[in-house]
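Take a look at the structure below.
Throughout, residue positions are numbered sequentially from 1 according to the sequence presented. Whatever order the structure lists them in is the order used to number ligands and atoms, beginning at 1.
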Amino acid sequence: MSIQVLKPKFHIDECLQEIRECLEKGWTGMGYKTVEFENAWKDYTGHKNACFLNSNTAGLHLAVKILKQKYNWSEGDEIITTPITFVSSNHAILYEGMHPVFADVDEYLCIDPADIERKITERTKAVMFVGYGGRVGKLEQVIKLCREHRLRLILDAAHMAGTKVKGVCPGTWEGVDAAVYSFQAVKNLPTGDSGMICFADDADDKLARELAWLGINKDTYARSNQGSYKWKYDVDHLGYKYNGNAIMAAIALVQLKYLDEENERRRKIVSMYDRGFADNSNIQIIKAPYAQECSFHIYEMAVPDREALLSYLASYDIYCGVHYRDNTEYKLYNYAYGTCPYAQEISGHLITMPLHMWLSDEDVHTIIKAVNAFYEGK
Ligand SMILES: *Cc1c(COP(=O)(O)O)cnc(C)c1O
């Protein structure tokens, strides 16, 4: 049997039961299970607000848009962001005509507060922090820095479903304006495609709900005209079709029940890898602060000869992967090439090891042995 790098596990019978309820009720769109899942997510995370969307990418866009509007940012104003991420984090900034300024990453592969500080200018308005691999990195210092410089903070929590610090979800920490989660097909809480935006401020949440549904506001008429004018609504804004649907929420409701135990299993696999590679001087392990509560969405390590290792392992039917390239290597962000030397350097060396619910302990040992054998053979 070959070993894949990522493979979601669905609790199929329970998911089908939840989906069946939607189909029998004849309700697969927005509402019903989406509201149920928003409430379940708020209970689970401690977030005050949660708006279910069709993706994290949509949520990041709304976060930038709503904060831009609220704080009167102008086109060309800057948001400091990380080069080591999926492009969604940075596209969201460009969608609103803001300028992504890249700061380097630290030993956790999260944006480094020291470099953020160096990159702050008069036009800096916010920081985009990606909880990379589920790690909180130095988010506490970044929050402090944002407070000192009066910057807003968006948390791309795509990898962070289930990450806690001393029992608390970091997305709920004071100073985080919006935390945006992903429930895309291979994330820790997989659905098909969906996401959640959690604003600290109730008014931002209310606006997000309107903007996620084409700018439609039902409140005015719902309040004053019950009964015959139920169909009537106003349109306040040029909104988008960003809402999540009941089928995705049905799957999410089931998967959420297993999130903690599955993240526990991820941590077990991570500690096996960490131990297995500890004595291999070729391998640089990426540590996580508060590792005992990290969601560990992916396990990456830095190696000197990534391509050779990838094909060696593939010859044993072990398929590792390469995740995110330094975004400044892409044409769209190339203007910033060379501004983040550590990210640029490590990006060429990162390999993603298999990490998912289908791996047995034996699989993990097989992988560790194969990697170490590759280096012993040299
Ligand atoms: C997956 C991912 C996203 C995008 O999530 P979608 O729900 O697919 O839009 C954004 N940021 C990071 C870091 C991701 O890994």
Please list all pairs passing the salt bridge (charged side-chain N to carboxylate O under 4.0 Å, His left out) test where one or both residues lie in residues 321-349, with sequence neighbours left out. R325-E329

If you link ILVMFWY side chains whenever their heavy atoms are less than 4.5 Å apart, which other residues fall into the same cluster as I80? By chain and number, please. V101, I111, I116, I120, V127, F129, V136, L139, V142, I143, L145, L151, L153, L155, M160, V165, V168, W173, V176, Y290

Hey, does the Lys NZ or Arg CZ of K9 hover above the aromatic six-ring of W358, less than 6.0 Å from the centre and inside 45° of the axis? yes

Which pairs, with at least one residue in residues 60-88 and sequence neighbours excluded, count as a ring-ring contact (aromatic ring centres under 6.0 Å, His included)? H61-Y95, H61-Y240, H61-Y242

Do Y44 and F37 have ring centres separated by under 6.0 Å? no

At a heavy-atom distance under 4.0 Å, which protein residues reach ligand 1? Sort them by chain and number, would you? S55, N56, T57, T85, F86, S88, S89, V130, D156, A158, H159, S182, Q184, K187, S194, Y324

Between F102 and Y333, is the ring centroid distance below 6.0 Å? yes

